[in-house]
S.K.: 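Please see the structure below; I have some questions.
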Protein chains: 2
Amino acid sequence: MNPRSIVTQLAINQWELVSRRATQLLNQLSNEALDRPVAPGKNTGKYIVGHLIAIHDAMPSILGLGESKYPELVDCYVKQADGLVNSPKTVPELRQLWDETHMRIGKLINSLPEDDWLLRHTTMTDDEFNTNPLRNRLSILLTRTNHFSYHIGQLRLLLS
Amino acid sequence: MNPRSIVTQLAINQWELVSRRATQLLNQLSNEALDRPVAPGKNTGKYIVGHLIAIHDAMPSILGLGESKYPELVDCYVKQADGLVNSPKTVPELRQLWDETHMRIGKLINSLPEDDWLLRHTTMTDDEFNTNPLRNRLSILLTRTNHFSYHIGQLRLLLS
């Protein structure tokens with residue numbers, strides 16, 4: 001294994017670790033628990049779950065490797081704050097979308113050839129990317145992994 | 001910039017991004033806010049701040065690049081749950097330790113030569129590392145960055 005592939009593999013492993021722990025946590029939380037805010041006046045568990053699905057579902061599109069499957073989640077769970085828009089999905093439906101999305105993203109990031117991680121992502125122009133080669137696909141993966149951890153820290157508060 | 005250094009630089013940038021945002025958040029939170037639990041019955045802001053300082057203060061030692069400066073924090077903020085041990089530090093003292101620790105870790109990770117990131121960390125034996133070269137210093141950095149994000153998601157709930 002050359003040094004470059006070790007580092008990229010570490011980033012992929014980190015995503016998978018966070019994703020696996022998050023799924024375990026979600027499976028421990030009842031539908032009723034997910035209806036509660038993580039702290040008084042803050043987002044509900046359901047909103048955070050929908051938010052994470054919507055953000056992760058958009059990863060193939062941002063990486064230039066596919067389309068979003070659930071664009072209808074974006075308005076309710078990304079653009080709008082919790083409670084402002086009726087959810088297009090129930091909690092049991094969100095659980096199915098969660099499993100499908102994380103299975104799909106896991107396969108996608110594991111199948112991407114090493115060098116392709118260093119290509120630009122689709123929100124960058126070629127010119128911007130030539131100026132800053134750090135804005136590549138792998139930066140998206142690292143950023144999304146940290147965003148995932150951030151919200152899982154909150155969701156964890158719903159465990160009694 | 002060769003591909004390997006791009007990937008390592010991304011991991012360092014990610015730590016710095018999380019660290020900078022965390023410090024901004026801490027500066028927005030009053031001492032009184034930090035005395036409150038992030039959700040009913042959960043850890044206080046003060047405990048999370050002490051926990052992050054203790055874990056990050058131990059990073060040089062785990063990386064094999066120095067010693068902990070505040071080992072007295074470990075019992076109160078890592079080994080024991082919140083409220084079981086009297087804190088050896090006040091919130092204003094913790095703020096100073098936070099700034100010193102994150103300044104020190106930032107300098108340390110920026111000064112480490114590229115290839116040194118791929119060496120084993122001190123909790124691994126040589127034999128274990130030969131079997132699994134993924135257990136290197138960079139894996140510690142990625143893991144700690146995600147742990148940082150996890151708790152910052154919780155601390156963020158104290159903002160009104």
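Just so it is clear: chains get the letters A, B, ... in the order the sequence lines come, proteins before strands, and each one is counted from 1.
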S.K.: If you count heavy atoms of other groups shown closer than 6.0 angstrom to CZ of A:R137, is the number above 12?
M.R.: yes
S.K.: In the structure I gave you, are the side-chain heavy atoms of B:L17 and A:N146 within less than 4.5 Å of one another anywhere?
M.R.: no
S.K.: Give, for atom CH2 of B:W15 and atom CG of A:L142, the distance between the pair rounded to the nearest 0.5 Å.
M.R.: 14.0 Å
S.K.: May I ask whether A:V91 and A:L52 are part of the same hydrophobic cluster, defined by side-chain heavy atoms of I, L, V, M, F, W, Y residues being less than 4.5 angstrom apart, directly or through others?
M.R.: yes
S.K.: Kindly indicate whether the side chain of B:V7, heavy atoms from C-beta on, has any atom under 4.5 Å from the side chain of A:N136.
M.R.: no
S.K.: May I ask you to test the B:I6-A:L138 pair for a side-chain heavy-atom distance under 4.5 Å?
M.R.: no
S.K.: Flag yes if more than 12 heavy atoms outside B:R21 fall under 6.0 Å of its CZ atom; otherwise flag no.
M.R.: no
S.K.: Would you please name every residue forming a salt bridge (Lys or Arg N to Asp or Glu O under 4.0 Å) with A:K42, sequence neighbours left out?
M.R.: none
S.K.: Applying the 4.5 Å side-chain criterion to the ILVMFWY set and letting contacts propagate, would A:I55 and A:I53 be lumped into a single cluster?
M.R.: no
S.K.: For B:D127, what residues pass the salt bridge (Lys or Arg N to Asp or Glu O under 4.0 Å) criterion, not counting sequence neighbours?
M.R.: none
S.K.: In terms of heavy-atom pairs under 4.5 Å with chain A, which of B:L155, B:N43, B:L157 leads?
M.R.: B:L157
S.K.: If every non-hydrogen atom of B:A39 is compared with every non-hydrogen atom of A:V38, which pair is closest and at what distance?
M.R.: CB-O, 3.4 Å
S.K.: Could you name the residues of residues 25-32 of chain B that have a heavy atom within less than 4.5 Å of a heavy atom in chain A?
M.R.: none
S.K.: Measuring from B:N13:CG to A:S139:OG, what's the distance to the nearest 0.5 Å?
M.R.: 9.5 Å
S.K.: Which value, rounded to the nearest 0.5 Å, describes the distance between B:L10 atom CG and A:R135 atom CZ?
M.R.: 10.5 Å
S.K.: Are A:M103 and A:I105 joined in one hydrophobic group, where the rule is that I, L, V, M, F, W and Y side chains link up if heavy atoms are under 4.5 Å apart?
M.R.: no
S.K.: Does A:I152 belong to the same Ile/Leu/Val/Met/Phe/Trp/Tyr cluster as A:M59, with side-chain heavy atoms less than 4.5 Å apart forming each link?
M.R.: yes
S.K.: Side chain, backbone, both or neither: which part of A:L159 has a heavy atom under 4.5 Å from chain B?
M.R.: backbone
S.K.: If Ile, Leu, Val, Met, Phe, Trp and Tyr residues are connected whenever their side-chain heavy atoms lie under 4.5 Å apart, and connections chain through other members, are B:I140 and B:I12 in the same group?
M.R.: yes
S.K.: Within residues 65-90 of chain A, which residues come under 4.5 Å of chain B, heavy atom to heavy atom?
M.R.: none
S.K.: With chain A as the partner, which of B:Q14, B:H151, B:H147, B:Q154 has the greatest number of non-hydrogen pairs under 4.5 Å?
M.R.: B:Q14
